[in-house]
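Any value given below was found using the heavy atoms of this structure, including those in side chains, with hydrogens, waters and symmetry copies removed. Below, read A as the first sequence line, B as the second, and so on, with proteins coming before strands; counting in each chain starts at 1.
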Number of protein chains: 2
Amino acid sequence: MTSDKIDRMGRWEPDAAGRLREAAMALYAERGYDGTTVAEIADRAGVTARTFFRHFADKREVLFAGSEQLERHMVEALAAAPADASPMEAVTAAVLATAEFFDDIRRDYSRRRAAVITSTPELRERELIKMATLTTSLTDGLLERGVAPDVAALAAETGVAVFRVSFERWIAAPDDVPIADVIQATLKTLAGLTA
Amino acid sequence: MTSDKIDRMGRWEPDAAGRLREAAMALYAERGYDGTTVAEIADRAGVTARTFFRHFADKREVLFAGSEQLERHMVEALAAAPADASPMEAVTAAVLATAEFFDDIRRDYSRRRAAVITSTPELRERELIKMATLTTSLTDGLLERGVAPDVAALAAETGVAVFRVSFERWIAAPDDVPIADVIQATLKTLAGLTA
DNA sequence: CCAGGTGATGTCATTGACTGACATCACCGA
DNA sequence: TCGGTGATGTCAGTCAATGACATCACCTGG
């Protein structure tokens, strides 16, 4: 636990959570989720396993750390939509607000992360419940806008679907395509389906 | 490991998996999922913990044992639908086919099971992935019927949604309401929404 | 400048989920 | 009767997760 840097920068190297996130992604990508132990992640991050669990509830959560923030951001964008916006317009605003999170820098991380998640059942479970939680939050947000319950649920579900599909497409797209464009394209596809 | 019955009925009491299922449900309902250990479940079923894991992949799976069978049944019903049935008609047939699994006898078990699942995040995760798998299977079934990919995905998603909502309503309904009736009612609600 | 509080971490011990390897032994078929 | 088979038990081990307690740089009030 003693490196030159640590002694120079205060008691501990700052941003343990960030180091743990990076270490986890690197190891998951390299050896797979099952082939990686929490102790190894902690080692690479220069902390102990106990500290890992102080920052993340479990071994899966380290890959979903940003999701509460993303969700909060979407809910805020939903609430910030004009009062006279239709439910779907408000949801669209929320989905488009995710663009601020997924710039070109995050794309590479997102790709590796997605690869690990899709190849690990345990992580797919976690992702599903995150999406379900997001759906619930958006539904609640719509209800607060005075949207009827049935409509709110459907709009939220649709919005999350659009986000999921767009995210996948964005990951697969060339490096210079911004996610906002992909979302717009997905919305256009949706419009074509319902028409 | 030696009871009178065992000695009389062959080397082991038959249906260890069934006993484990019942023991697990009883203990989960009584002490909660987290408050129950696999060793306790195994004890109550008259086997060892090692045997538990020979029958079920993990502590969660014991509550989802019948799901592959249900899924297979639905996919078969989907395939058995008339060739000229619309995608949604075929999916409806699949959903209605679940009625054979959920009779009055299963209702009580289903209620207790649902109570445990909704109050345990880990189990909700597992349920979500089961539903996702079901959706994929139904989508594949529709594709084999020659349905267009986009339509197939949407129809499957809708069908699973109808199943989920109906199942919840059935559990909450009086004891003499068959699930088939609830499903029909849900379908009617859906028709009203889209109209 | 010092004492005490605070927060992030380390250390240790423990529980419990899950797995692999090997042993057992009633049953069944040749 | 004998050997194979299958379901189980036993044992040892790994690893995720948690609680209790110690440490110690840093900050703040006096």
Side-chain angles (χ1 to χ4, degrees), chain A residues 1-21 23-25 27-28 30-65 116 120-123 125-126 129, chain B residues 1-24 27-28 30-65 116 120-123 125-126 129:
Chain A
M1 265 341 58
T2 52
S3 83
D4 327 58
K5 263 186 188 167
I6 287 177
D7 294 337
R8 211 181 322 129
M9 304 193 57
R11 185 164 189 190
W12 294 288
E13 191 84 21
D15 193 24
R19 266 151 43 223
L20 284 165
R21 245 195 310 277
M25 249 318 303
L27 289 171
Y28 290 169
E30 185 183 324
R31 316 179 187 176
Y33 175 82
D34 290 323
T36 305
T37 71
V38 171
E40 290 168 344
I41 298 170
D43 268 357
R44 182 186 275 232
V47 295
T48 63
R50 192 65 184 84
T51 292
F52 178 95
F53 289 109
R54 287 201 177 93
H55 286 278
F56 306 102
D58 58 47
K59 194 184 167 187
R60 299 156 215 94
E61 200 63 17
V62 68
L63 283 191
F64 298 90
V116 174
T120 312
E122 275 186 76
L123 294 175
E125 285 186 344
R126 182 56 53 89
I129 207 168
Chain B
M1 271 338 62
T2 50
S3 82
D4 328 57
K5 263 187 189 166
I6 288 176
D7 295 336
R8 212 181 320 130
M9 303 194 57
R11 184 163 190 192
W12 295 287
E13 191 85 21
D15 194 23
R19 265 152 42 224
L20 284 165
R21 245 195 309 275
E22 284 175 30
L27 289 171
Y28 289 170
E30 186 182 325
R31 315 178 188 177
Y33 175 83
D34 291 324
T36 305
T37 70
V38 171
E40 289 168 346
I41 298 170
D43 268 358
R44 181 185 274 231
V47 295
T48 63
R50 191 68 183 81
T51 292
F52 177 95
F53 290 110
R54 287 201 178 94
H55 286 279
F56 306 102
D58 57 48
K59 194 184 166 186
R60 300 158 214 87
E61 200 62 16
V62 68
L63 283 190
F64 298 90
V116 174
T120 312
E122 275 186 77
L123 295 174
E125 285 187 346
R126 181 59 50 88
I129 208 167

A:Leu20 CG to D:dA16 P, straight-line distance once rounded to whole Å: 14 Å
State, yes or no, whether a side-chain contact exists between B:Thr51 and B:His55 at a heavy-atom distance under 4.5 Å. yes
Nearest whole angstrom, please: distance from the P of D:dG19 to the CG of B:Asp34. 12 Å
Do the side chains of B:Glu122 and B:Asp34 get nearer than 4.5 Å, heavy atoms only? yes
Value in whole Å for how far the P atom of D:dA16 lies from CD of B:Glu122: 15 Å
Without decimals, in angstroms, what is the distance between B:Asp15 CG and D:dG6 C1'? 16 Å
Closest-nucleotide mapping onto DNA chain D: is B:Ala17 or A:Tyr33 further toward the 5' terminus? I mean the 5' end. B:Ala17
Can you check whether B:Val47 reaches B:Arg19 side chain to side chain, under 4.5 Å on heavy atoms? yes
To the nearest Å, give me how far apart CG (A:Leu123) and P (D:dA16) are. 13 Å
Reckon B:Thr48 has a side-chain N or O less than 4.0 Å from the OP1 or OP2 of D:dT10? no
By the 4.0 Å heavy-atom rule, please label A:Ala16 as base, sugar-phosphate, or nothing. sugar-phosphate
Which residues pass the ring-ring contact (aromatic ring centres under 6.0 Å, His included) test with B:Phe64, sequence neighbours left out? none
For DNA chain D, which residues in residues 52-62 of chain B have a heavy atom at a distance below 4.0 Å? B:Arg54, B:His55
Side chains of B:Lys59 and B:Val62: closer than 4.5 Å at any heavy-atom pair? no
Contact nearer the 5' end of DNA chain C, comparing A:Arg50 with B:Ala49: A:Arg50
Whole angstrom value for the distance that separates P of C:dT11 from CH2 of A:Trp12: 12 Å
Salt-bridge contact A:Arg31-A:Glu40 (side-chain N to carboxylate O under 4.0 Å): yes
Check this for me, if you would: do A:Arg44 and A:Glu30 make a salt bridge, where the nitrogen-to-carboxylate-oxygen distance has to be below 4.0 angstrom? yes
Rounded to whole Å, the CD-P distance (B:Glu13 to C:dA26) equals 16 Å
